[in-house]
Amino acid sequence: MGAIVISARARTVLATIRRHGAASRAALIRESGLSGTAIFRATEELEAAGLVRTGDPVASGRGQPSHLIHIVPDAAFALGLSVMTDRADVVLLDLAGRVRAQREITVAGMPRAALLDAAVAFGTAALQPLGIPPGRLKGMGIAVAGYFVAPGTVNPGEELNDWALVDLHAAAARQLALPVAIENIASAAALGERLLGSGARYASSCYVNVAGGFGAGVIVDGVLLRGYHGNAGEVAGLFPLAGRVTPNLATLRHCLDDHGVATAGIADMIARFDPAWPGIETWLEQHQPSFSYLFGALRYTLDCEAIILGGRLPRVLAQRIVAAVDWPEAQLPARRERRAPMTKLDVAVLEPELAGPLGAAALVFHRTLFD
């Protein structure tokens, strides 16, 4: 399972090809700003490493046709594991960004060693019918519901005590004998949504992750904004500072229970969710002001193209929240009859059991092969 070593120039070119799936050398020259000679040498290096292949020539303006350079999807694979308080999921991602296999691997108590072993066993088994040697598995990205207290060390909820205050990067790398990337689950989900969901439409976005807790992941010009400690997007702390209730699925479940709708947990509530349940309107009435406040704060501070509401929040509920957002400037006079450009509001396409592990797996490629 050795690492693929390529030059910084080749990494830049590979990332560009990956974004497009295939690109001509002429297009790579235009987009990268590198010389024709530099592009030729980089693509030769990538082809020698087995990461790309040269396809048929295509006409591109004047001059000789330029050959298309294609990613080789089976050249490398990565695993992505997401660990929430009551659910764990793993995906196998190929170099082209396609999910080749996916499975829930929840274990009671969420024991760290057992889940890591289960994820690797899943990946190894998934590669066999594809005829892929295990050495092409280049690492595992691990996304945990918690905030960072040190590099590779998270502080999750009580349900994930086995994952708490441990150097997960060192512990997982030692156990798995694989390169490992550790990320907050909201940031990983933001990357996953950017790869295959609503986020693919935007260069810069903020993914709002509503689950048992509340968090966000920020993408700027296609790159994850992590912050100095890795905690960019820990926006739940804004609500008590502003004297507002924090909206999450735990409060939704309690509200439903108060209205006679009993659920066995968040997972059960999501699986059986009915937008007509008594208590839904009460929860929305109590929490919609918090969403409007947060979206306004994010718009003023980030000025991103879009805010995407997702996580484990039922999508029909997310649509209602987005439609009812009250922007703060709507109450203020417009300067010279012109307001600042609006931030778009969108709803996540990917379910959290895919978005989180997908983003975690993508981190492996970003940190080992892409700039």
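Every value quoted in this text rests on a predicted model; they were computed, and no experiment measured them.
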Which word best sums up how the rings of F214 and F239 line up, parallel for under 30°, tilted for 30 to 60°, or perpendicular for over 60°?
-> perpendicular
How many angstroms lie between atom OG1 of T153 and atom NE2 of H229, to the nearest 0.5 angstrom?
-> 12.5 Å
In this structure, NE2 of H287 is separated from CG of N248 (nearest 0.5 Å) by 7.0 Å
Which atom of I39 lies closest to which atom of S32, heavy atoms considered | CD1-OG, 3.5 Å
Give a yes or no on whether N155 atom CG has more than 12 heavy-atom contacts from other residues, nucleotides or ligands under 6.0 Å away.
-> yes
V208-W327 co-clustered via ILVMFWY side chain contacts under 4.5 Å = yes
Carboxylate-amine/guanidinium contact E281 R320, below 4.0 Å | yes
Are L115 and L79 co-members of a hydrophobic cluster defined by side-chain heavy atoms under 4.5 Å apart?
-> yes
In this structure, are over 12 heavy atoms from other groups packed under 6.0 Å from R103 atom CZ?
-> no
same_hphob_cluster(Y300, I219) at 4.5 Å side-chain heavy-atom cutoff = no
Inter-residue atom distance L93.CG - L195.CG, 0.5 Å rounding | 6.5 Å
Taken to the nearest 0.5 Å, the spacing of F77 CZ from L92 CG works out to 6.0 Å
Do W283 and T251 meet the criterion of a side-chain donor-acceptor pair at a distance under 3.5 Å?
-> yes
Between F291 and F295, what is the ring plane arrangement, given parallel below 30°, perpendicular above 60°, and tilted in between?
-> tilted
Would one find more than 12 heavy atoms of other residues, nucleotides or ligands at under 6.0 Å from atom CZ of F122?
-> yes
Salt bridge between R87 and E104, side-chain N to carboxylate O under 4.0 Å?
-> yes
With the threshold set at 4.0 Å, does a side-chain nitrogen-carboxylate oxygen contact exist between R367 and E183?
-> yes
Checking S204 side chain against C304 main chain: does a donor-acceptor pair fall under 3.5 Å?
-> no
Could you tell me whether D274 atom CG has more than 12 heavy atoms of other residues or ligands within 6.0 Å of it?
-> yes
When rounded to the nearest 0.5 angstrom, what distance separates CG in L116 from CG in L178?
-> 10.5 Å
No-hydrogen, no-angle side-chain donor-acceptor test under 3.5 Å, N184 and E234 = yes
S205 and E305: side-chain donor and acceptor closer than 3.5 Å?
-> no
Ionic contact status for E31 with R19, cut-off 4.0 Å = yes
Would you indicate whether the side-chain heavy atoms of L95 and V72 approach each other to under 4.5 Å?
-> no
Is any side-chain N of the basic residue among R9 and E45 closer than 4.0 Å to the acidic one's carboxylate O?
-> no
Identify the two heavy atoms, one from D86 and one from I266, that lie closest to each other, and give their separation to 0.1 Å.
-> OD2-CB, 4.1 Å
Taking side chain as C-beta onward, heavy atoms only, is I17 less than 4.5 Å from H70?
-> no
Do D257 and R253 sit within salt-bridge range, that is, some charged N less than 4.0 Å from a carboxylate O?
-> no
CZ-CZ distance between R98 and R100, expressed to the nearest 0.5 angstrom = 5.0 Å
Kindly check if the number of other-residue, nucleotide or ligand heavy atoms within 6.0 Å of NE2 (H254) is above 12?
-> no
